[in-house]
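What follows is one structure encoded as structure tokens, with my remarks underneath.
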Amino acid sequence: MDAQQLAALDDGAYEVIAKDNAHPPARDPETWAALVHSMNINRTREAYTTMLARTAATMKYRKTERDVFHQECLTRGEAGRREWFATRAEYENWRRRAGNFHQTMQKALADVGRAQKTINRSANHQVAQDHRERLRELSLAISRHQAEHARSGGIAEQCDYELWRLLDQITVPIGPANEPTTLRTMLDIYWTDVEPVTAQRAAEDRAEAMMREAPGGQSARFSGVPRARHVDNGKRLA
């Protein structure tokens, strides 16, 4: 039975399937996979929780009922004592079976909890991958913006430098040691497709390299920007 087939069952039939697959040695692998599938796992947890609560309530009721019966037997002397002991084995056998069933439901519920953690880790990983992809797209856009400025020979504003500087400030973890790696390095090594280098592209790359020589990406009023790029531009940046 797959996840969709299981999801289509009514509550009574679903609970029977969950109960029949609660004990690990008795589980059908395909059915258990359907029970802990993201589509059904909340319903499975609810089924085991309901069975646990019902069993606990029944055991408590039978215990109370047994105590009352015991008191009645004591008031009837020897006849009551014989009746008490005559019914004891049956009750103890039922209590043992009910206790075992209760423990099985508890263990099954714990297994469901572990399956939920696996689902959560997988979902979190996918979310992280999605965020990483959006960050890659943003980094590419910033890099293209910087390259376009370099190719056109235009004068960059301070807001441009501050935008480009993010590529050298923001890092992402990479490798087994999760070493922080700048977005610019990610672009240079991992996130940019390699293309054949033409003479025009080489010239563009040299122009872009000149633009990148500003370590922090700041205007000339700050340190580290070649002054020659801002001479007589009327913006008082030199």
Side-chain angles (χ1 to χ4, degrees), residues 1-69 87-141 170-178 181 183 186 190-193:
M1 178 175 293
D2 62 24
Q4 289 186 341
Q5 291 172 325
L6 187 64
L9 297 178
D10 61 36
D11 290 342
Y14 193 99
E15 185 175 298
V16 170
I17 295 294
K19 181 179 66 175
D20 291 345
N21 287 271
H23 191 43
R27 286 175 188 166
D28 173 65
E30 182 181 358
T31 302
W32 178 254
L35 284 166
V36 296
H37 190 277
S38 57
M39 181 188 303
N40 297 317
I41 193 167
N42 289 335
R43 193 178 180 189
T44 302
R45 182 187 299 105
E46 182 179 345
Y48 286 135
T49 301
T50 298
M51 284 186 276
L52 270 170
R54 188 164 58 230
T55 303
T58 301
M59 291 177 70
K60 183 177 180 180
Y61 175 80
R62 288 290 302 270
K63 174 66 168 57
T64 301
E65 186 180 56
R66 184 69 179 170
D67 290 342
V68 171
F69 177 66
T87 59
R88 184 175 180 178
E90 179 184 357
Y91 171 76
E92 290 298 331
N93 184 49
W94 174 87
R95 188 173 69 88
R96 182 170 54 256
R97 287 186 285 106
N100 290 339
F101 179 80
H102 193 72
Q103 288 183 351
T104 298
M105 295 301 107
Q106 286 179 320
K107 292 177 180 178
L109 191 58
D111 289 341
V112 170
R114 283 187 283 272
Q116 183 67 67
K117 289 181 180 179
T118 300
I119 291 174
N120 292 345
R121 282 194 297 269
S122 178
N124 290 340
H125 177 73
Q126 184 59 51
V127 169
Q129 289 297 101
D130 290 344
H131 288 170
R132 200 178 186 94
E133 178 59 20
R134 301 292 83 75
L135 188 59
R136 184 188 73 85
E137 293 172 354
L138 177 61
S139 301
L140 284 170
I170 299 176
T171 64
V172 293
I174 189 169
N178 288 324
T181 306
L183 298 182
M186 293 297 295
Y190 303 103
W191 285 349
T192 304
D193 293 334

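Note that the coordinates shown come from a computational prediction; the quantities given were computed from them, not determined experimentally.
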[X] [atom1]: over 12 foreign heavy atoms closer than 6.0 Å:
X: Q5; atom1: CD; answer: yes
X: Q129; atom1: CD; answer: yes
X: R62; atom1: CZ; answer: yes

note = Note: Y48 and A18 closest approach over all heavy atoms is OH-O, 2.6 Å
remark   = In terms of heavy-atom contacts, T55 and A98 come closest through CG2-O, 3.8 Å
inquiry  = Tell me every residue that passes side-chain hydrogen bond (donor to acceptor under 3.5 Å, both in side chains) with N40, counting only those two or more places apart in sequence or in another chain.
reply    = none
To the nearest 0.5 Å, tell me how far [X] [atom1] sits from [Y] [atom2].
X: R121; Y: Q116; atom1: CZ; atom2: CD; answer: 11.0 Å
X: Q4; Y: M39; atom1: CD; atom2: CE; answer: 5.0 Å
X: F101; Y: K19; atom1: CZ; atom2: NZ; answer: 6.0 Å
X: M186; Y: I174; atom1: CE; atom2: CD1; answer: 4.0 Å
X: L35; Y: N21; atom1: CG; atom2: CG; answer: 5.5 Å
X: E137; Y: R132; atom1: CD; atom2: CZ; answer: 13.5 Å

Check whether any side-chain heavy atom of [X] sits under 4.5 Å from a side-chain heavy atom of [Y], and report yes or no.
X: W94; Y: M59; answer: yes
X: R134; Y: L138; answer: no
X: Y91; Y: K63; answer: yes

ask   = Taking only residues at least two apart or on different chains, which pairs with a member in residues 40-50 satisfy salt bridge (charged side-chain N to carboxylate O under 4.0 Å, His left out)?
value = D11-R43
ask   = Could you go step by step and tell me if R66 and R88 meet the side-chain contact (heavy atoms from CB on, under 4.5 Å) rule?
value = CA-CA 9 Å; R66 184 69 179 170; R88 184 175 180 178; 3.5 Å; yes
Side-chain (S139) to main-chain (L135) donor-acceptor, under 3.5 angstrom = yes
ask   = Cut-off 3.5 Å, side chains only: do N93 and R96 have a donor facing an acceptor?
value = yes
Residue pairs, two or more places apart or on separate chains, that pass side-chain hydrogen bond (donor to acceptor under 3.5 Å, both in side chains) and touch residues 26-38 = R27-D111, D28-T31
